[in-house]
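Notes for the one structure printed next.
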Amino acid sequence: MMRILAFCCERGPGEAIDLAGEKRMRYPADLTLIQVPCAGRVDVAHLLKAFREGADAVVLVGCLEGNCHHIYGNIEGRKKVDRAKQILDEVGLGGQRLEMFHVASNQPFRIAELAAEMASRVERLGPNPLAVKE
Amino acid sequence: MSARSGLERTLLGGKFAVTAEIGPPKSASAESVRRHAHEMKGSADAFNLTDNQTAMSRMSSIACAAVLIQEGLEPVVQMTCRDRNRIAMQSDILGASALGVRNVLCISGDHQTFGNMKEAKNVYDVDSVQELMILRKMRDEGRLWSGDELETAPELFLGAAANPFADPFEFRVTRLAKKVKAGADFIQTQSIYDMDRFERWMALVRARGLHEKVHILAGVMPLKSHKVALYMKNKVAGMMVPDTVVERLKSAKDAKEEGIRLCVEQIEHLRTIEGVKGVHIMAMAWEEKVPEIVKRAGLRP
Amino acid sequence: MIIGEQKRLEEISGMLDGHRGILIAGCRSCVAICLAGGEKEVAVMAESLRLISSLRGKGWEIEEAMVERQCEKEWVAELRPRIEGKDCVLSLACGVGAQTVQAMYPRVRVLPGLNTSNMGAPEESGIFVEKCGGCGDCVLHLTGGICPIARCAKSLLNGPCGGSQGGKCEVSPDTPCAWEEIYHSLESLGRLDLLEEPIPPKSWLPARDGGPRRIVRKEAVLTEEQKRLKGGKA
Amino acid sequence: MNRVAIIGGGVAGLSAAISLERRGVPSIIVEREEALGGLCGELGCKGVERCVRCDVCLARDMVAQARSSPLIERLGRAELRSVSGQPGDFRLAIRVGGQGHRLVRAAVIVCATGGEPFDAHLDKRLGYDELADVVTSLDLERQLSAEGRFLVPSTSAPPKKVAFILCVGSRDERFNTSYCSKACCKYSFKLAQGLRAIDPGCAITIFFMDWRLYDPRENVRAWASGDSGVRLVRSRPAEVLLGEDSRPEVRFASEKDAIVEVEAFDAVVLSVGLRPARSAAELARTLQVETDAHGFLRSPKGEPCASTRPGVFLAGTCRGPKEIVECVKDGAEAASKAIAFMGGVG
Amino acid sequence: MSDGGIGVFICSWGSGKDPKLDMDGLLSFASGIEGVALVKMIDRICSKPGQKEMIAAIKGSGTDRFVVVACSARTKRKLYRHIATSSGLHPLAFEVASVREQAAFVHEGPEAQRKAETLVRMAVEKVRLWVEPPFEEEMPALRNVAVLGDGLMAMAVANEIMAQGLTVDLVMSGGSPKGSPPYIFSNQDEMDRALRSMAEASSDPRMTTIKNASVLDFQGPPGDFGLVLDVAGEMVPLRCGAVVLAPEPRMELRTIDGSPAPSAQELIARGLRRIVILPSGASSGIGCSCMTPRGTLYALSLVDAAPGIEVSLMGREARAMDWMEGLQRLAQEKGIRFFRIDGEPKVEGHAPTVITWRDPLLGDMRLQADLLLLDTVLTPEVQSLAKAFDVPVDEKGELLSIDSRLRPGETVRKGVFAARFRVGNMLYEDMALEAGSVAARALEMLSMGTLEVGGAVAEVDQEKCSACLGCLRVCPYSAPMIGQAGKAEVRMELCQGCGACVALCPSRAIDIYCFSDSQIVAQSRAALGKVR
């Protein structure tokens with residue numbers, strides 16, 4: 001069973017998740033969503049700690065750029081993801097396991113898309129080596 | 001291995017080498033250098049030319065070397081890390097070897113606060129060990145430190161300094177080993193007065209077999225008077241002058257004569273120490289006495 | 001921390017000639033700690049300059065002001081009401097502070113009251129010693145945690161030089177020889193092996209020699225769009 | 001009972017309800033469809049990573065706010081049958097889905113029933129009936145809303161060449177729509193940006209008469225000149241026919257030398273304008289308000305959102321075609337006027 | 001941490017209809033979690049009886065926080081706050097596990113059940129670390145609004161606010177504004193009526209007008225702002241609950257050398273017959289913007305007054321609104337000619353002025369004019385307003401309020417609202433609508449008399465703060481400031497809880513209530529099955 005952790009802004013993407021539920025849009029259960037006030041709330045430490053806790057892939061879901069309910073939280077989030085990717089590459093886990101997606105409140109299909117995209121990446125990259133060791 | 005310089009040929013031949021020191025003048029004319037050259041010709045295998053000693057501007061070591069070559073003597077160019085960065089260092093070496101210089105002594109150089117222009121900016125881009133690495137690369141690989149190829153590589157007989165009297169004593173031999181690893185071919189030590197300490201140092205050197213990897217020349221300096229001895233003891237860092245030496249000069253009637261006799265005695269003793277391949281006579285501002293010392297010490301036929 | 005010391009009064013009063021409205025601006029961070037530019041030092045400087053002014057009839061009107069950290073634009077901006085009407089500011093902050101004030105108030109002459117010296121630490125009360133040369137490429141792991149670049153007069157990497165004696169540097173008796181300390185530190189760490197291998201020439205590119213340095217932490221830089229959206233003073 | 005009855009749960013109605021709720025005034029939304037959001041709720045987001053500011057997601061955000069507020073009662077599948085009482089104490093008879101009638105008392109009525117997109121079938125020459133690959137902007141929006149991408153209906157492959165034809169059913173005497181529908185310049189520009197963002201390989205040609213973008217920051221010319229995949233042709237196409245390779249062909253007078261050109265596209269999008277809702281006339285009678293020459297409910301000159309009858313206010317496209325953001329403003333203004341009518345702050 | 005233990009309430013409808021979740025399974029799963037003191041299944045929590053049952057259960061159990069396992073949190077958040085307060089708990093002392101939307105509806109059988117359990121576990125772990133945030137209800141909201149602006153827009157905003165029973169301070173930067181309002185009136189009497197309403201308003205007792213004033217200082221929380229105005233050198237304090245910025249451009253038909261457009265009689269008197277009107281758009285020099293009805297109306301007035309006059313209008317787009325569509329045909333019937341230009345026309349000479357340009361269809365064109373009139377825009381001075389109120393300005397010189405997800409009229413600064421003007425194509429009705437909706441935003445904030453402040457906001461631990469000013473620079477709302485102690489403080493009334501400062505703070509001195517670092521980490525561990 002894959003483990004994909006998503007930090008999800010509760011304004012735009014949070015709405016899209018509920019809409020996906022209302023419209024019965026199936027997505028793999030490996031994706032677990034944690035709601036945060038804004039994509040800018042998540043810092044690099046949270047993203048890296050998730051991998052140490054055994055996540056195979058981590059996703060930060062923010063609103064579209066220019067459409068952030070907190071003015072530019074999503075741009076802040078993008079910067080943290082870029083920094084974390086750099087570290088993951090240096091560490092050897094691979095920055096591919098971390099990605100930022102932009103989802104507007106009326107794009108429920110994007111949740112399934114991002115889940116599928118990350119699931120395919122995990123298949124390609126294999127499970128998180130830390131998780132395997134335990 | 002063919003000798004790259006006269007000095008090296010002497011050392012390889014097993015003969016007890018002698019090097020002396022000529023202080024470049026504070027003058028634009030080479031007249032005093034030529035005079036010293038004539039006086040000391042034949043009394044030593046090679047002659048060191050200090051590089052702005054005690055951080056005081058004097059004629060450049062390489063220029064004096066050229067003059068010595070014209071006079072038929074073999075120079076040892078001294079190059080400090082205080083005044084040039086690696087770029088200037090390598091270009092000077094290329095120039096010097098073009099002029100016929102084969103011996104180079106790599107030293108860190110005295111800090112500019114010792115000299116007469118304390119407010120100058122020093123360089124210290126590299127230190128003496130790193131200088132050896134750079135010059136060896138130029139000689140052995142024919143490349144600049146950057147890796148660029150040289151049309152003609154310089155032939156160099158690389159020397160380094162060693163000071164058995166500086167602290168920490170037990171590290172000094174390791175530092176010598178480091179210089180050998182970095183490419184030193186011969187060593188000229190600080191002037192020796194405390195013979196026991198030098199012998200203990202040589203014992204450690206022999207213990208690590210360094211005396212076979214590098215030619216060690218023991219440094220001596222004749223003292224004109226007990227005041228000079230006291231100056232050396234107290235003002236010059238890294239110099240040890242036992243009280244007995246000061247006492248001896250003080251009580252002597254003719255201090256200068258006593259200084260020369262002491263120096264000769266030291267040389268004769270140094271010749272008996274295993275691993276000492278030669279002697280380096282530093283008669284700064286007393287160059288004219290070098291032939292006499294060499295003769296009285298029986299170093300020259 | 002950044003260590004500085006006050007210029008001599010003579011030099012300062014020389015600089016102040018021809019000025020009337022003078023504001024002495026101190027700083028509450030590094031220079032306060034090294035007793036050069038804190039609030040007390042500003043008061044002492046103010047009193048001394050007022051003495052000079054009355055004794056020599058300079059007619060200076062001297063006011064005192066403090067900045068939390070004089071190298072931050074936000075705090076230097078708070079000086080604006082105090083600077084109105086002054087024709088010069090004597091900054092008792094480090095060089096960075098003086099330059100920040102000058103950049104924010106281009107029409108008021110800013111004079112350096114301190115000679116900013118180095119990055120170091122208090123050895124004991126009142127003695128501040130240089131510890132770091134800011135060379136941009138730290139080698140402490142090779143030297144038992146003692147920086148040869150800053151604390152060896154010749155910044156040797158394969159020291160000590162021939163002049164180190166009695167544990168002191170040839171340059172001055174009260175300057176310990178860094179390499180002597182390095183040797184003893186590595187000795188107690190049991191890592192004298194680190195001194196065996198000659199360290200190759202160091203790259204001075206990241207140091208001051210490579211030109212003025214600029215450090216960028218991308219994840220804290222506001223993009224153009226963010227600046228436009230945020231507006232205001234920041 | 002200072003409650004406000006809001007007819008229509010589109011963006012304007014929701015905006016009015018939310019504005020009232022923030023000022024402590026309860027409201028009830030009477031919505032004909034099952035879900036709230038109205039026409040704007042059916043549209044799709046056109047951004048991929050960057051928001052193109054089409055404001056469609058405003059509807060989604062407002063639906064969420066309205067559903068989470070206890071002060072806003074929502075009646076789905078409900079239709080207004082009749083209105084009695086007088087301004088300040090209206091009684092609305094509402095038929096709710098299957099459970100028959102319900103009587104609602106309200107001090108004020110805000111009508112936000114919205115308009116209707118122009119039925120492209122009416123304009124025979126543009127081939128909306130026969131050609132599968134000629135779609136209206138609404139069809140395109142629904143595909144974007146459902147899957148976030150657009151596929152050519154006949155081949156269900158991503159299009160490589162798309163044409164937009166503006167002012168379909170607007171500024172057109174033949175259909176008594178001589179007015180400008182205001183919104184289609186903006187939403188066509190956004191749709192074009194959306195398609196370019198989704199697939200940079202898809203070239204876009206826009207046939208237009210005048211660019212009437214009301215937000216000064218929307219500069220379509222700058223965008224077009226900066227994007228090689230976009231071509232603006234100032235010409236109103238005469239007709240769209242079926243080409244030999246069964247792709248729609250647009251016949252238009254080219255700008256340069258005014259001769260008729262024919263160009264084939266993978267898909268043609270008709271930017272339909274806005275018309276008064278079919279039920280507008282009947283609604284006007286029910287609410288006893290007047291309509292304007294084109295059939296929209298009329299606001300007296302200089303008093304936006306007021307209607308010709310006190311106590312009844314209008315918001316959104318029911319009183320004339322407008323962009324989404326303007327509908328949001330309409331909602332807020334109608335709520336303000338409603339509260340003013342009910343005697344100051346709620 | 002929770003001393004009274006955590007209550008877990010499972011709503012029977014949370015399971016969703018077709019792919020049923022085993023709610024009893026969830027019940028037993030929840031009761032097995034350490035720290036959970038009470039587990040209860042309730043039938044339809046959102047129903048009246050459901051709520052009563054839950055409130056009673058909370059009061060009875062002494063738990064001080066609870067988890068609701070039900071449908072989407074978004075639609076029921078206010079309901080759960082109401083339940084929390086009625087049970088004597090803090091309004092935010094709960095967490096919701098949306099098992100219906102995020103498990104039952106989107107996953108298949110066993111996977112849905114496992115996801116539901118994970119969601120419950122995450123909610124419990126998060127609420128376990130919940131800390132009571134500061135929640136001051138009673139921030140005052142003064143029922144007075146300061147409106148800044150000289151023209152019609154500011155007056156219209158003032159009227160709307162007064163119509164709602166609040167008082168207004170109208171702050172005008174100048175005396176009487178130059179040029180004419182930029183809006184397009186359908187006819188003369190509409191313009192007169194607008195100017196008349198301006199005159200009436202200024203005499204209204206609920207409004208005080210302050211002329212020649214500029215803003216020196218702007219402090220205080222939303223709902224209780226303190227302004228300091230510089231009125232002709234004198235410092236005037238002003239207190240208000242909200243600020244509306246309504247700068248207004250002025251439009252003017254001018255000749256090239258800047259003098260205002262002459263009247264019809266003057267034209268005849270000076271024998272100027274061929275008139276060309278070019279909307280220059282730019283406030284100075286020759287530009288080429290859109291043909292607005294303003295030019296058409298002026299041309300019609302000239303032709304009506306002096307039939308001999310020949311008027312041509314040039315511009316890039318034919319801009320017309322609603323009723324104005326027919327205006328152009330009317331103008332053409334009266335002999336007024338319209339030329340569409342792409343790009344800049346070339347203008348040389350004086351009386352006659354020769355205008356040359358390239359027409360996409362007709363090729364190179366030349367037009368001689370006795371008089372060229374430029375429809376120029378005098379954009380208002382916006383920079384000083386933006387600086388004073390810390391509000392961004394966009395390239396068009398308008399106070400930015402639309403770019404991000406702010407509602408029309410709102411700006412980044414809470415309590416500061418901005419009316420947006422559209423140069424050259426704003427009908428008077430559009431302006432009235434803009435004014436009304438901006439006023440509505442201000443009223444929404446002030447009309448409740450008090451402002452809800454606090455909740456999931458950031459707070460600084462003064463000990464750990466190293467005063468690096470990072471939070472000041474990253475916060476879009478400029479909520480953090482440097483207090484007396486030289487340390488950062490977050491002004492609770494401005495903080496919107498986005499957390500950008502928390503993610504940046506190098507000293508980890510700031511944390512946010514209800515989304516603290518430890519809570520996020522606890523949720524991640526629970527989500528990844530790392531919690532026993």
Side-chain angles (χ1 to χ4, degrees), chain A residues 1 3 5-7 9-12 14-15 17-47 49-50 52-56 58 63-64 66-73 75-77 79-80 105 111-112 128 131, chain E residues 16 18-19 71-75 95-96 98-108 110-115 118-119 122 126 392 403-406 412 456 458 474-477 496-505 508 512 514-515 517 519-521 523-531:
Chain A
M1 215 282 268
R3 281 190 286 219
L5 188 65
F7 293 95
C9 156
E10 68 175 356
R11 301 286 285 263
E15 186 52 45
I17 292 164
D18 286 343
L19 196 54
E22 262 168 59
K23 295 195 164 154
R24 308 296 196 277
M25 287 184 168
R26 293 279 182 271
Y27 55 84
D30 319 319
L31 180 72
T32 314
L33 298 145
I34 293 179
Q35 306 249 341
V36 287
C38 175
R41 166 70 188 86
V42 177
D43 77 33
V44 180
H46 296 143
L47 300 172
K49 208 186 281 286
R52 206 158 50 72
E53 300 293 349
D56 298 319
V58 175
C63 304
L64 271 65
N67 188 16
C68 167
H69 295 61
H70 282 299
I71 320 301
Y72 47 62
I75 298 174
E76 283 296 309
K79 291 193 274 189
K80 305 297 185 328
S105 52
I111 304 291
N128 179 343
Chain E
D18 24 47
C71 62
S72 150
R74 311 181 61 75
T75 49
E95 200 52 45
V96 179
S98 315
V99 289
R100 193 180 66 166
E101 267 76 8
Q102 292 183 22
F105 284 171
V106 283
H107 302 321
E108 306 305 330
E111 274 184 347
Q113 189 67 21
R114 197 154 12 86
K115 174 59 77 69
T118 311
L119 289 171
M122 284 161 66
K126 182 176 180 191
D403 224 8
S404 63
R405 191 79 330 246
L406 292 167
V412 167
V474 78
C475 174
Y477 305 103
Q496 308 284 307
C498 73
C501 56
V502 184
L504 182 86
C505 178
R508 276 240 156 118
I512 265 197
C514 308
F515 289 98
D517 276 331
Q519 281 178 311
I520 290 182
V521 169
Q523 273 191 305
S524 316
R525 285 169 55 81
L528 295 166
K530 270 298 189 323
V531 184

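In what follows, every chain begins at residue 1, and chains take the letters A, B, ... in the order their sequences are listed.
- For a residue to count as touching a neighbouring chain, one of its non-hydrogen atoms must lie under 4.5 Å from one of that chain's; by this rule E:Cys475 touches chain A with the backbone only.
- The two atoms that bring A:Leu33 and E:Met122 nearest to each other are O-CE, 3.4 Å, heavy atoms only.
- Looking at heavy atoms from C-beta onward, A:Gln35 lies in side-chain contact with E:Gln102 at the 4.5 angstrom threshold.
- Atom CD of residue A:Glu15 and atom OG of residue E:Ser72 lie 7.0 Å apart, to the nearest 0.5 angstrom.
- When atom types are taken as modelled, the side chain of E:His107 and the backbone of A:Arg26 share no donor-acceptor pair closer than 3.5 angstrom.
- When all heavy atoms are compared, the tightest approach of A:Tyr72 to E:Val474 is OH-O, 2.7 Å.
- In this structure, E:Lys115 and A:Leu31 approach most closely via the heavy-atom pair NZ-O, 2.5 Å.
- The two residues E:Ile520 and A:Ile34 come nearest to each other via the heavy atoms O-CD1, 4.5 Å.
- Under the 4.0 Å criterion applied to side-chain N and carboxylate O atoms, A:Lys49 and E:Asp517 are not assigned as salt-bridge partners.
- In this structure, chain E has no heavy atom under 4.5 Å from any part of A:Leu19.
- Of the listed residues (E:Pro476, E:Ala527, E:Gly499), the greatest number of heavy-atom pairs within a distance under 4.5 Å of chain A belongs to E:Pro476.
- Distance CD/A:Glu53 to CG/E:Leu528: 7.0 Å, rounded to 0.5 Å.
- In plain terms, the two heavy atoms of E:Arg74 and A:Glu10 that are nearest each other are NH1-O, 2.7 Å.
- A:Asp43 CG to E:Leu504 CG: the interatomic distance, rounded to the nearest 0.5 Å, is 9.5 Å.
- For chain E, the nearby parts of A:Val36 are the backbone and the side chain; heavy atoms of each come within less than 4.5 Å.
- Within the 3.5 Å criterion, the main-chain N or O of E:Gly497 finds no donor-acceptor partner in the side chain of A:Arg41.
- For chain E, the option among A:Gly40, A:Cys9, A:Ala29 with the highest count of heavy-atom pairs below 4.5 Å is A:Ala29.
- Classification of A:Asp18 and E:Arg100 as a salt-bridged pair fails, no side-chain N sitting under 4.0 Å from a carboxylate O.
- For chain A, the nearby part of E:Thr118 is the side chain; its heavy atoms alone come within less than 4.5 Å.
- Considering every non-hydrogen atom in both E:Arg508 and A:Ala45, the closest pair reads NH2-CB, 3.4 Å.
- In this structure, A:Arg11 CZ and E:Cys498 SG are separated by 10.0 Å, a value rounded to the nearest 0.5 Å.
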